[in-house]
Amino acid sequence: MSTPNTTVPLTTLTPKDFSSDQDVRWCPGCGDYAILNQVRRVLAALGSRREKTVFVSGIGCSSRFPYYMNTYGFHSIHGRAPAIASGVKIANPELDVWIVTGDGDGLSIGGNHLLHILRRNVNVNILLFNNRIYGLTKGQYSPTSEEGKKTKSSPMGAIDIPITPLSIALAAEASFVARAIDVDKNLADVLQAAAQHRGTSFVEIYQDCNIFNHFAFQYATDKATKDEHVIYLEHGKPLVFGKNRDKGIRLDGSHKPEVVQLGKGVTEDDLIFHDQNDENLAFLLSRLSYPQFPEPMGVFYKAEDDCYEDLLDGQVRQAVAAKGSPDLDAFLRSGETYTVGA
Amino acid sequence: MVAGTPTNAASQPAAAGASHTQRVELASAVIRFAGDSGDGMQLAGSQFTDTSAIAGNDVATLPDFPAEIRAPAGTVPGVSGFQINFSSQDIHTPGDEVNALIAMNPAAFKAHIQDVQNGGVVVVNDSEFDKVNLRKAGYPEGYNPLDDSKYQDRYKIYRVPISRLNDESLAGSGMTAKDTGRCKNMWALGLIYFLYDRSLDTTIKYLDDYFGKKKKLPQVAEANIKALKAGYYFGETAEIFPVRYHVGRAPVSPGTYRKVTGNEATAMGLVTASKLSGKTLIYCTYPITPASDILHDLATMRHMGVKTFQAEDEIAAVCAAIGVAFAGQLAVTGTSGPGLALKSEAIGLAVMTELPLVVIDVQRGGPSTGLPTKTEQSDLLQAMFGRNGDCPVIVLAAQSPADCFNAAIEAVRLAFKHMAPVLLLTDGYIANGSEPWKVPDASSFEKIPVSHPTDAASFKPYQRDEHLARPWAIPGTPGLEHRIGGLEKADITGAVSYDPANHHRMTELRAAKIVKVVDDVPPAQVYGPEQGDLLVVGWGGTYGSIRTAVERAQHEGRSVAGLHMRHLNPMPANLGQVFRRYKKVLVPELNTGQLRMLLRARYLIDARGLNKIYGKPFLVEEIHYAIEHMLSGQWGDRESIPPQPHALEASAPAQELHTGG
């Protein structure tokens, strides 16, 4: 369960209570600091218990995250955090498990595991820090780097087509898909919604790597431009954006999204209304990208569905009910046996 | 010898009712069913095994099937075989030479005839020896081996039109020709039941239960039973066989028995370990031949509290298991060689995080995809060393199908006690082969103790106990929140450490921890003389063949002892001393000499090897030959020799000539 309810909180924990004794060693100015602070705050706000909380990570800058949380933590191997977290949840569904991964760890070496934890709907929260670069290995292009990006490993420009994490999550049957920005206030809301969702919550967080890919998301964070390049999703509300909230997104005659100016005969009623339970809309929204469109932030999609670990527990209970739970002697003698007399 | 090993008493004609058929008492017999991979040979073989076990024989089996589920029908690569050794004595192998072969088509004849002893019985399905099938089997145009005096002189060939007789027996059943044809394995089985004087009861009950009750296909059950009986009655009335054979009960101790394959025994051992430790067994795996049956078995054991997790790949499987171990339950992953290679990095993580993890490797022919359905022992060095860094794990090997049960329990016991990954090696031969297993009493097992710390004041993640094991603190325990991972740990605190001296110390501690497992390893014991000319050292699934060969040499007065190793890492403390009591050491292995290399390196002994990489188990005669060869002083300087080629072609033709009925 994402909010432990078997332990009565004796004291209210503060964000500081979730800080471990380890010095945080990310580069000064890294977007990870902001995310770390927000996660600590959200856990405190949700009344999480340290002993029931587990952070699992792979390899990469983001994957150092567990060391900085005073909870249980597992800094594992590259790309495999979803698999390890799945094992933790199967063994103890009561634990509140968070996976911290990055665009390399989660989408490149660990892409397969990401697909499968999403389709199984294991009740964990996945935070994918997307900085569109390999930071820990000192600046090679990643699966989300723009085409043509020049890096140490692509001096003539990357020729790989980047992938869109949210589109992939939706295609993998994710039951909760959201996006936020490291320095944005709405990160806390998104994290809280993710924590409260039962099932795999997938959150992509735009994160600035100020050493190897600084300003990759400046369009979405710079006060002067962000209102034109970001659109905050609200369930049931029309897709309106812009400094003066005078622009919106609607479907054109061939059902393709287009940016429109409100007024001059275009009203909010003409716009797309966000429905976080509509997976087709969620996919459409996941395809909107800068600079052609403002990029949506918030909860794209949310669906109620059974969790893998609960279904597995259910099968055990069902089998015990159907067959009984024999003792060891009866078990070893079940099936075809024969007796040899003295 | 005819269709088996005669008893000491001479063959005697027995009262066989009105029949003119002689009845011959045999000490043991080896038969092999062979046919297309879709012909149901595995079922016929396993039914014959069950029937013989229930009749009180000791049995050992060797299924042999192609990697393709249905290779092109009628071709040699598509042939599937099942060999059974059934005996009135204690036996350890499925037998070297085949006394009776049942060949359902020309390809099966071609693939298996060379394994039949001189004078052996060959029952062929004559209906299938037509022009088309002979061509598919690769015989020259116009040639039929059944008409070739080379074979006629050597074997007692019985040409029985099994397909036609089976169809006739089921005429009017209302079934399609295809469905009728699928009963011909039961027809052939019935005929062989007659030849070896076996009851039909076990198989009739099986057919009723499986097709009738479980699959709800009573007409299929009925047809199969009809075919089975028709085959038997044909043997009785047609009187094609001049003799019938009988293999008496083996002197087995009283008790409840079941027939187990190694994979079944592994599954049951894991469930037993779960109960003995009070931990939920969570088996995380990815399907791979020949290990998948462990998953299939455990998936039916949810009522025993078992959880199975079919992961997306081998890496996810072992990683999920590591997550299970971290969260405090019984973590097991199973695989075969290629999968073990994929799991390497994660096993290193389990070594670094010092978590209890059991990894089962059902070895198969390698490298790469290799021979997926064939057996080999070539993962020993991978199990020992196949990881980056100095990365020791506990390594065990099971020696027979039933022994997988005990080996699985021991693997769990050691993992929990020492907080370390345990690699349990089995192989395709013992995993798929079966033998009778006397079901133990649950009261005979020792509990597997497990403890988790709860005291926050004294808890240090990498503080060690007297076994050098660290505490198993599990999430959910208040006050013990801590972080682990693949980065080097500071001694005692477990914090990340890049300190050079600490890395040296921790590397030594991880090694010392595994070395200390030796306290739980029983001293190596030999069978045979305590000292002598030769010690034959084996490990894993070759036990049966080696033991049989060593005992044969001992009967012949040779000064030979055998030693079989279950514990490959650490090895028994007295092993070096044992080696020094023998003039020579022979290490037969189904690889190019992996244990031999370890023994030479560790004990500085001049061990020599008998090394076979055929994808098949050792024949007893191959090991026996190597023993004789070494003792006779002809071995020379060679570090190893291959098995001698099957000597059949060179041997004299059979005395008795039969052309079949």
Side-chain angles (χ1 to χ4, degrees), chain A residues 7 20 22 49-57 59 66-67 69-80 82-92 94-95 112-113 115-116 312-313 315-316 318-320 322-329 331-333 335-342, chain B residues 50 53-54 56 252-259 268 271-272 275 280 282 284 302-307 309 311-313 315-317 319-329 331 345-346 348-349 353 439-442 445 474-487 495-496:
Chain A
T7 307
S20 74
Q22 299 289 303
R49 305 302 305 173
R50 284 194 304 238
E51 72 272 15
K52 291 214 162 185
T53 307
V54 182
F55 277 83
V56 184
S57 64
I59 294 293
Y67 290 122
M69 296 296 296
N70 189 11
T71 62
Y72 284 91
F74 204 143
H75 174 218
S76 73
I77 47 176
H78 208 6
R80 318 304 173 196
I84 289 178
S86 297
V88 169
K89 284 297 279 187
I90 291 166
N92 185 354
E94 296 293 311
L95 297 171
N112 192 28
H113 308 308
L115 297 185
H116 291 276
L312 187 54
D313 271 351
Q315 286 196 345
V316 171
Q318 193 188 333
V320 168
K323 295 186 183 176
S325 190
D327 66 15
L328 209 41
D329 276 315
F331 165 70
L332 295 174
R333 283 161 181 75
E336 293 287 320
T337 61
Y338 57 97
T339 305
V340 174
Chain B
D50 288 355
I54 289 168
V252 290
S253 63
T256 301
Y257 284 77
R258 65 190 305 162
K259 186 197 66 171
M268 282 193 287
V271 174
T272 301
K275 296 293 168 198
T280 299
I282 305 178
C284 309
R302 294 255 196 278
H303 64 296
M304 297 301 292
V306 176
K307 294 182 183 176
F309 177 62
E312 57 272 23
D313 59 34
I315 297 172
C319 286
I322 290 170
V324 167
F326 179 57
Q329 298 296 353
E345 186 197 12
L349 178 66
T353 53
V439 184
D441 285 329
F445 303 125
I474 56 175
T477 318
L480 270 56
E481 296 84 8
H482 64 288
R483 276 65 58 192
I484 58 171
L487 287 171
V496 172

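All values below were derived from every heavy atom in this structure, side-chain atoms included, with hydrogens, water molecules and symmetry-related copies excluded.
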Can you name the closest pair of heavy atoms from A/Asn92 and B/Pro475 and give their distance?
ND2-O, 4.1 Å

Do you know which of B/Arg302, B/Arg483, B/Arg258 has the most heavy-atom pairs under 4.5 Å to chain A?
B/Arg483

For B/Ile474, is it the side chain, the backbone, both, or neither that has a heavy atom closer than 4.5 Å to a heavy atom of chain A?
backbone

Tell me, side chain or backbone of B/Ala325 under 4.5 Å from chain A's heavy atoms, or both, or neither?
neither

B/His303 NE2 to A/Phe331 CZ distance, which is reported to the nearest 0.5 Å:
6.5 Å

Tell me which of these, B/Thr280, B/Leu487, B/Ile322, has more heavy-atom pairs under 4.5 Å with chain A than the rest.
B/Leu487

Could you walk me through whether A/Val88 and A/Phe74 pass the side chain to side chain contact (heavy atoms under 4.5 Å, CB included) test, one step at a time?
CA-CA 10 Å; A/Val88 169; A/Phe74 204 143; 5.8 Å; no

Close side-chain approach of A/Leu332 and B/Met268, heavy atoms under 4.5 Å
yes

When only pairs under 4.5 Å are counted, which of A/Pro326, A/Ser86, A/Ala85, A/Gly335 shares the most heavy-atom pairs with chain B?
A/Pro326

Is any side-chain heavy atom of A/His75 closer than 4.5 Å to a side-chain heavy atom of A/Ile59?
yes

In terms of heavy-atom pairs under 4.5 Å, which option from A/Thr339, A/Val54, A/Thr71 contacts chain B the most?
A/Thr71

Chain A shares the most heavy-atom pairs under 4.5 Å, among B/Ala442, B/Ala327, B/Ala495, with B/Ala442

Part of B/Ile484 lying under 4.5 Å from any heavy atom of chain A
both

In the structure I gave you, are the side-chain heavy atoms of A/Tyr72 and B/Thr477 within less than 4.5 Å of one another anywhere?
yes

Do the non-hydrogen side-chain atoms of B/Cys319 and A/Ile77 ever get within less than 4.5 Å of each other?
yes

Honestly, the part of B/Ala317 sitting under 4.5 Å from a heavy atom of chain A is neither

In terms of heavy-atom pairs under 4.5 Å with chain A, which of B/Val306, B/Val252, B/Thr272, B/Asp50 leads?
B/Thr272

Exercise: identify the closest heavy-atom pair between A/Thr53 and A/Phe55:
CG2-CE1, 3.7 Å

Check step by step if side chain to side chain contact (heavy atoms under 4.5 Å, CB included) holds for B/Glu481 and A/Met69.
CA-CA 9 Å; B/Glu481 296 84 8; A/Met69 296 296 296; over 6 Å; no

Could you check whether B/Lys307 pairs with A/Asp313 (Lys NZ or Arg NE/NH1/NH2 to Asp/Glu carboxylate O, under 4.0 Å)?
yes

How are the rings of B/His482 and B/Phe326 set relative to one another: parallel (under 30°), tilted (30 to 60°) or perpendicular (over 60°)?
perpendicular

Which bit of B/Ile54 comes within less than 4.5 Å of chain A, counting heavy atoms only: side chain, backbone, both or neither?
both

Which one wins on heavy-atom pair count under 4.5 Å against chain A: B/Gly486, B/Gly56, B/Cys284, B/Gly255?
B/Gly255

Tell me, for B/Thr353 versus chain A, whether the close heavy atoms (under 4.5 Å) come from the side chain, the backbone, both or neither.
side chain

Most chain B-contacting option - heavy-atom pairs closer than 4.5 Å, from A/Glu336, A/Arg50, A/His113, A/Arg80:
A/His113

Heavy-atom pair count under 4.5 Å with chain B, highest-scoring of A/Ser76, A/Ser325, A/Ala83:
A/Ala83

Count the heavy-atom pairs under 4.5 Å between each of A/Leu312, A/Leu115, A/Asp327 and chain B, then report the option with the highest count.
A/Leu312

Quick one: of B/Gly476, B/Gly485, B/Ala316, B/Ala321, who has the most non-hydrogen atom pairs under 4.5 Å with chain A?
B/Gly476

